[in-house]
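Contents: one structure, followed by commentary.
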Amino acid sequence: MSNKQISELLKKVASAYAIKNEKKFFFQIIAYQKAADAIENSQSQIVNLYKKGQLESLPGVGPSIKAHLEELLKNGEVKHFNWVFEDIPDSVFQLLKIPGFGPKKAYKLTTCLHLKNAETAIDELEKAANSNKISQIEGFGEKSQQEILRAIEEFKKGNTKEKKMNLSIATEVSEKIISYLKESKDVLRVETLGSLRRSKETIKDIDIAVSTNNPKKVIKHFISYPYSEKTIEEGVISASIAAFGGKQIDLMTQSPDGFGSLMQHFTGSKNHNIKLREYALKKGLSLSEYGIKKNKKLIKFKTEENFYNALKMQWIPPEMREDGGEIELALKNKLPKLIELKDLKGDLHIHSNYSIEPSHDLGKDTMERILETAIKMKYEYIAFSEHNPSVSKHTNKSVYEILSRRSLKIEQLYSNIKSVRLIKLLEIDILANGELAIDNRSIDLLDGFIASIHSSFNASQEDMTKRILNALSHPKAKILGHPTGRIINQREGYKLNWDKIFDFCKKNNKALEINSWPSRLDINDKLIREAIQNKVKLVINSDSHAAWQMTMLKYGVANARRGWAKKENILNTLPYDKFIEWLKK
DNA sequence: GCCGTTTTCGGCCCGACTGTTTTCAGTCG
């Protein structure tokens with residue numbers, strides 16, 4: 001069972017408890033939700049923790065839930081859960097997938113409308129709404145009936161509670177909204193908050209905060225956004241709209257003297273805030289988006305720094321706010337100094353359009369154009385890393401000839417410019433049998449190479465791991481490119497034995513790539529943190545296929561920060577000489 | 001059901017918004 005499946009089961013238990021008797025099971029509900037959350041966000045496979053007997057290492061998993069999980073993984077089911085689910089029709093859990101549906105609403109509609117078949121429950125619900133049956137039910141009215149129809153429509157379009165957009169899309173949307181909001185003179189300051197500020201790899205809603213003395217006018221301006229498709233909520237201090245194909249944008253306002261508190265609250269994460277508020281409560285303080293209450297007296301904060309400092313802790317970078325131990329470190333004044341974009345001295349994974357007749361896609365821009373961009377970005381060095389020439393179309397001899405020409409071209413380019421050092425890399429396919437796509441004579445023309453998998457994704461964990469370690473054993477294989485191969489929202493990564501890979505990389509001086517391409521972000525934040533704990537070196541690359549894409553490196557840096565990476569963990573923060581020393585080692 | 005920088009027992013984050021209500025329940029973040 002995957003972490004996701006286990007987490008969903010625990011969420012179902014929490015929902016079922018809420019239906020059975022919310023008051024009686026109030027704290028069990030919270031406990032199950034907490035455990036589900038911890039499992040969903042765990043960097044280790046729960047199955048592995050179970051085998052190692054380490055289930056209790058998960059926050060929120062105590063003796064009782066631990067025993068249930070053991071039963072689940074041993075027998076495939078849990079007696080206690082079966083009891084909890086006893087009187088609750090499956091249709092309830094189907095309806096819970098619809099935005100705006102919680103346990104109570106789902107249960108009431110399931111029973112009142114006799115939705116017996118989970119598979120058809122949503123269709124039947126839609127029919128009932130269309131034939132005006134829902135507004136007749138006690139507690140529902142005409143408006144909620146319409147709202148249910150809208151929610152079902154959203155659901156059928158694929159906008160479920162899980163649906164999220166990539167970081168780059170969310171960034172673009174938020175930039176548009178922000179520049180629109182700034183047109184209002186009542187907007188004194190505007191910031192992107194929420195998961196976008198924390199640079200999560202995928203974003204559900206875009207959260208925007210505005211500092212203003214006139215929230216009414218700001219909200220009016222916001223809901224009048226020309227690209228708004230619908231006003232979802234319109235309150236006194238906050239509002240939500242849908243725009244750009246149903247993407248939800250939430251706005252919160254606050255006066256300037258309390259804006260720091262709002263930023264802190266609205267940046268989250270939820271778990272970070274809960275931990276922080278629980279901690280504060282023990283000190284007799286109550287935290288909210290308005291400030292800190294002490295003896296019923298509210299203290300406001302203009303800046304986030306002041307807010308955290310008032311709790312006697314360091315300001316915590318947003319990327320770290322996931323309740324992963326950051327609060328404890330901030331209290332001890334021991335937060336790591338995270339890597340920043342400006343620390344990077346070069347980009348090692350760039351595809352030019354040099355006619356290498358590659359196995360995969362060629363870049364769109366010339367080497368010259370890429371070099372110009374690198375100069376603008378003030379890089380000390382870059383590496384050209386096109387895909388290897390297609391093996392099916394070339395003999396070893398012609399591969400050698402192509403790469404010789406390319407080598408010469410790069411040398412000429414450098415002798416003409418001499419401002420940015422050029423490194424000759426290549427992205428070489430790891431074949432299904434673990435061998436490299438091109439032979440050693442051709443590889444000798446390179447300063448080193450990035451080894452990547454682009455085929456046969458479905459091999460077993462053991463075979464896949466062997467395949468990679470075999471390829472990395474080549475002395476010139478220095479970087480494992482997009483190590484898991486996942487494509488966000490499209491393809492799961494292949495299964496790997498990370499203990500073995502970390503161990504091999506550490507011993508043999510190989511680096512793992514943090515690929516900055518927004519739909520890859522590979523390896524992800526959790527693996528980055530684990531790699532660092534295992535003393536494995538990393539590189540942050542753009543994997544650009546056009547010059548403008550070289551700025552995508554910012555997403556890799558954000559991801560690295562989420563993995564608590566410091567400058568010294570990332571090899572392409574090294575100056576050229578030191579970097580080459582590593583490359584040739 | 002979990003958890004401990006006052007606690008192994010007695011707590012458990014805090015508030016906005018909507019719809020159906022006439023003081024609140026449900027959902028969300």
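Below, chain A is the first sequence line, B the second, and so on; all start at residue 1.
Less than 6.0 angstrom separates the ring centroid of A/Phe93 from the ring centroid of A/Phe85. Centroid-to-centroid, the aromatic rings of A/His221 and A/Tyr180 come within less than 6.0 Å.
Spacing between B/dG11 and B/dA16 at atom P, rounded to whole Å, works out to 26 Å. Between B/dT8 and B/dC13, the distance separating the two C1' atoms is 23 Å to the nearest Å. Nucleotides B/dT20 and B/dG26, compared at atom P, are 14 Å apart to the nearest Å. As rounded to the nearest Å, B/dC17 and B/dC12 have C1' atoms that lie 24 Å from one another. Atom P of B/dG19 sits at a distance of 43 Å from the matching atom of B/dG10, rounded to the whole Å. B/dT21 and B/dT27: their P atoms are spaced 16 Å apart (whole Å). As rounded to the nearest Å, B/dG1 and B/dT6 have C1' atoms that lie 23 Å from one another.
Counting non-hydrogen atoms under 4.0 angstrom, A/Leu281 reaches the backbone sugars and phosphates but no base. In this structure, A/Lys204 reaches the sugar-phosphate backbone alone: every heavy-atom distance under 4.0 Å involves primed, P, OP1 or OP2 atoms, never a base. Residue-level contact check: A/Glu234 touches the backbone only, with heavy atoms under 4.0 Å from sugar-phosphate atoms and none from bases. Residue A/Phe25 is out of contact with every strand shown, counting any heavy-atom pair closer than 4.0 Å. Counting any heavy atom pair closer than 4.0 Å across all strands shown, A/Tyr279 reaches no nucleic acid atom. Using a 4.0 Å heavy-atom distance criterion, A/Phe101 is classed as a sugar-phosphate-only contact. As judged by a 4.0 angstrom heavy-atom cut-off over every strand, A/Lys282 is placed among the base-contacting residues. Looking at heavy-atom distances under 4.0 Å, A/Lys108 makes no contact with the nucleic acid at all. The residue A/Glu56 sits apart from the nucleic acid: no heavy atom pair falls under 4.0 Å. Using a 4.0 Å heavy-atom criterion, one finds that A/Phe266 contacts no nucleic acid atom at all. Nucleic acid contact for A/Ile29: none, since no nucleic acid atom lies under 4.0 Å from a heavy atom of the residue. Within the 4.0 angstrom heavy-atom criterion, only backbone atoms of the sugar-phosphate kind lie near A/Ile65; the bases stay farther away. Residue contacts for A/Glu147: at a heavy-atom cut-off of 4.0 Å it reaches no nucleic acid atom on any strand shown. Using a 4.0 Å heavy-atom distance criterion, A/Ser286 is classed as a sugar-phosphate-only contact.
Annotation: of the two residues near DNA chain B, A/Gly60 and A/Phe140, the 5′-most nearest-nucleotide partner is A/Gly60. Each of A/Lys23 and A/Pro59 was matched to the nucleotide of DNA chain B holding its nearest heavy atom; the match closer to the 5' end belongs to A/Pro59.
With respect to A/Arg189 and A/Glu191, a salt bridge is recorded, a charged nitrogen being found less than 4.0 Å from a carboxylate O. A salt bridge links A/Lys104 and A/Glu22; the closest N-O separation between the charged side-chain nitrogens and carboxylate oxygens is under 4.0 Å. The pair A/Arg150-A/Glu147 counts as a salt bridge, with a side-chain nitrogen and a carboxylate oxygen less than 4.0 angstrom apart.
A/Lys247 NZ: more than 12 foreign heavy atoms inside a 6.0 Å radius.
Within the 3.5 Å criterion, the main-chain N or O of A/Leu521 finds a donor-acceptor partner in the side chain of A/Arg486.
Of all nucleotides in DNA chain B having an atom under 4.0 Å from a heavy atom of chain A, the first and last in 5' to 3' order are B/dG1 to B/dG29.
Here the options are A/Asn41, A/Asp37, A/Asp323, the test is side chain to side chain donor-acceptor pair (under 3.5 Å), and the partner is A/Asn271; only A/Asp37 passes.
When every heavy atom of A/Leu55 is checked against every heavy atom of A/Ile46, the shortest pair comes out as CD2-CG2, 3.7 Å.
B/dT7 has its base syn relative to the sugar, with a glycosidic angle deviating from 0 by at most 90°.
Partner assigned to B/dT8 is none, using Watson-Crick or G-U wobble distances below 3.5 angstrom.
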